[in-house]
Each structure stands twice: as C-alpha cells, then as structure tokens.
Chemist: 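Have a look at this one.
This structure is a prediction, so every number in the text was calculated from the model and none was measured.
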Amino acid sequence: MDEAETILVADDHPVFRDGLGSLIQSQNPTAAVHTFDAFSDALALARSLPSPPSLFVLDLFFSRKSIKSELPALRREFRRAAIVVVTMSDDTATIDAVMAAGVNGFICKSAPPHQIAAAIAAVRAGEIVTPSPAAGRAPAGGMSTTLSERQLEVLQLIAQGKTNKEIAQDLGLSPFTVRLHVSAMFRSLGVTTRAAAVTKGVSEGIL
C-alpha cells in the first residue's frame, strides 16, 4: 500500500489555520494534512518523516516575526516539496523577496477561499503563482508599455516551455533573478500563472 503524501500547514491564526487545513484536506482527501501554530513545529515534523512532505503552506509571520530569511534554507532542504506562502502582506518588495527565495506560490489571505484553493491546486500542478495587481488589470497604454524588454524575453521562453533554470541558463541570469522577472511580469500582465501569462501574450499579439 502506498504511503499517503503529507501536507504541512503553519499559521498562528487558529481560525484561518483550521479553515485552510480543511480546504486543503477537501482538495486532497487521501493526503495526511497536519496543521501547526508555529513554523518551527512544522519543520520539526517534516524532518522526522520517513518521506519528505509534498507541500508546505505557510504564513509569513509568526508572533509578528517574519520567516522570510528562513525560506531559502527550507527550499534547499526540501527541494522536491512545493512551498506556498499565504499571508496578509502584499507589497511588491515582500512578494519579490519571497519568490526569490524559491517559493512556488504567494497567495494573499484576502483572496476568497475558491481563489486560494485554485492557487494551491495550480502550484501542485507545477505552476508558479503570484498575486495579480490590485487593480486586476494592466496599466493603460498597451502591452508594449507594461513589460520590460527582459520580461518580454522571459515570457517568450516560458511560451517555449522552458523552466526557470533553463531560462536562467539562456539569459545568463541566476534562477532567483529569473523568479523576480517572472513575478514582476505576472503583475504587469494581471495574471497569476505561467499558462495564463502565455495566453495573455498570445491574445495581445506579443507571442
């Protein structure tokens, strides 16, 4: 009998944590979903498991202390796990820093449950997910004024099916820098996934 996959959820707000855990469990009924009120407790269980967890879903702040600086080490230790941050912080600098740490998804707590569920499902399907711009649309003036030359290069390579690592090699950049460009490009296009970015690029005639 195959061992059930393990999903770890850590958030120090009990109502949100319980709701998020239930949401993820309903999406993945055969998974073992564990919830914690401290990141350190989730990490301790992850290290004790015979098989590493498939997914971490984490708040960014615990008792007002950010775990942002700990995310790169988490990424290195659990290379095959998906990591999703679900938090109230939604400023550009925070999003870029978290995505550069190797996180697979950044979700705002203010999003409705169905959007949070869809974003987590997209990450589990291999997508990189970041928030849409607050206005929900690209600035006026046309696509050519919303994407930098580098962002256009990244979008074209994504459309070719290339991973961030492959894009980094093609452009002579670090994978972390590519993540920053992808995150900024998503916000400019008003999308949250690679597939949606390609679709938007095709519809706007730049791909």
Chemist: Using every non-hydrogen atom in the two residues, find where Phe186 and Thr193 come nearest and quote the distance to one decimal.
Modeler: CZ-C, 3.4 Å
Chemist: How long is the straight-line distance from NE2 of His13 back to CG of Asp18, given to the nearest 0.5 Å?
Modeler: 13.0 Å
Chemist: Does Arg150 reach the side chain of Leu171, with side-chain heavy atoms less than 4.5 Å apart?
Modeler: yes
Chemist: Kindly write out the residues that satisfy salt bridge (Lys or Arg N to Asp or Glu O under 4.0 Å) with Asp37, not counting sequence neighbours, or none if the list is empty.
Modeler: none
Chemist: Side chain of Glu5, backbone of Ala32: donor and acceptor closer than 3.5 Å?
Modeler: no
Chemist: Drop me the distance from Asp96's CG to Leu180's CG, to the nearest 0.5 angstrom.
Modeler: 5.5 Å
Chemist: Does some side-chain heavy atom of Val86 sit less than 4.5 Å from a side-chain heavy atom of Asp11?
Modeler: no
Chemist: Can Asn28 and Arg124 be counted as having a side-chain donor-acceptor contact under 3.5 angstrom?
Modeler: yes
Chemist: Please report the closest heavy-atom contact between Gln27 and Ala117, naming both atoms and the distance.
Modeler: NE2-O, 2.7 Å
Chemist: Closer than 3.5 angstrom, by distance alone: can the side chain of Thr177 be matched with the main-chain N or O of Leu173 as a donor-acceptor pair?
Modeler: no
Chemist: Can you tell me how far the CG atom of Leu58 sits from the CD atom of Glu70, to the nearest 0.5 Å?
Modeler: 10.0 Å
Chemist: Side-chain heavy atoms under 4.5 angstrom apart, residues restricted to Ile, Leu, Val, Met, Phe, Trp, Tyr: same cluster for Leu55 and Val9?
Modeler: yes
Chemist: Within the structure provided, determine whether Phe61 and Ile67 are in side-chain contact (heavy-atom separation under 4.5 Å).
Modeler: no
Chemist: Treating Gln25 as the side-chain partner and Ala31 as the backbone partner, does any N or O pair qualify as donor plus acceptor under 3.5 Å?
Modeler: yes
Chemist: Would you check if Gln115 and Thr192 make a side-chain contact, meaning some heavy-atom pair closer than 4.5 Å?
Modeler: no
Chemist: Indicate yes or no: at least one non-hydrogen side-chain atom of Arg75 is less than 4.5 angstrom from one of Ile83.
Modeler: yes
Chemist: Val85 and Leu43: same hydrophobic cluster, using ILVMFWY side-chain contacts below 4.5 Å?
Modeler: yes
Chemist: Of all residues at least two apart in sequence or in a different chain, which pass the salt bridge (Lys or Arg N to Asp or Glu O under 4.0 Å) check with Lys162?
Modeler: Asp170
Chemist: Decide whether Val103 and Ile7 are clustered together by the hydrophobic rule: side chain heavy atoms of Ile, Leu, Val, Met, Phe, Trp, Tyr closer than 4.5 Å, transitively.
Modeler: no
Chemist: Determine the minimum heavy-atom distance between Met185 and Ile158, stating which atoms define it.
Modeler: CE-CD1, 3.6 Å
Chemist: Would a single hydrophobic cluster contain both Phe36 and Leu49, if residues Ile, Leu, Val, Met, Phe, Trp and Tyr are joined by side-chain heavy-atom contacts under 4.5 Å?
Modeler: yes
Chemist: Closer than 3.5 angstrom, by distance alone: can the side chain of Ser183 be matched with the main-chain N or O of Arg179 as a donor-acceptor pair?
Modeler: no
Chemist: Using the rule side-chain contact (heavy atoms from CB on, under 4.5 Å), only one of Thr94, Asn104, Leu71, Ile128 pairs with Met99; which is it?
Modeler: Ile128
Chemist: Let me confirm one number: the OG-CD distance from Ser188 to Gln151, rounded to the nearest 0.5 Å.
Modeler: 4.5 Å
Chemist: Mind checking whether Val129 and Val198 sit in one hydrophobic cluster, side chains of I, L, V, M, F, W, Y counted as touching below 4.5 Å?
Modeler: no
Chemist: Within the distance-only criterion (no hydrogens, no angle test), does the side chain of Asp12 pair as donor or acceptor with the backbone N or O of Ser63 below 3.5 angstrom?
Modeler: yes
Chemist: Atom CG in Leu155, atom CZ in Arg194: separation rounded to 0.5 Å?
Modeler: 10.0 Å
Chemist: If you compare all heavy atoms of Ala119 against all heavy atoms of Ile107, which two are closest, and at what distance to 0.1 Å?
Modeler: CB-CD1, 3.5 Å
Chemist: Determine, for Arg17 against Asp59, whether the closest basic-nitrogen to carboxylate-oxygen distance falls under 4.0 angstrom.
Modeler: no
Chemist: Which heavy-atom pair separates Phe39 from Leu74 by the least distance, and what is that distance?
Modeler: CE1-CD2, 4.1 Å
Chemist: How far does CZ of Phe106 sit from OG of Ser89, to the nearest 0.5 angstrom?
Modeler: 6.0 Å
Chemist: Might you point out which heavy atoms bring Glu127 and Ala195 nearest each other, and give the distance in Å?
Modeler: OE2-CB, 3.4 Å
Chemist: Would you check if the side chain of Glu166 reaches a backbone N or O of Thr163 as a donor-acceptor pair within less than 3.5 Å?
Modeler: yes
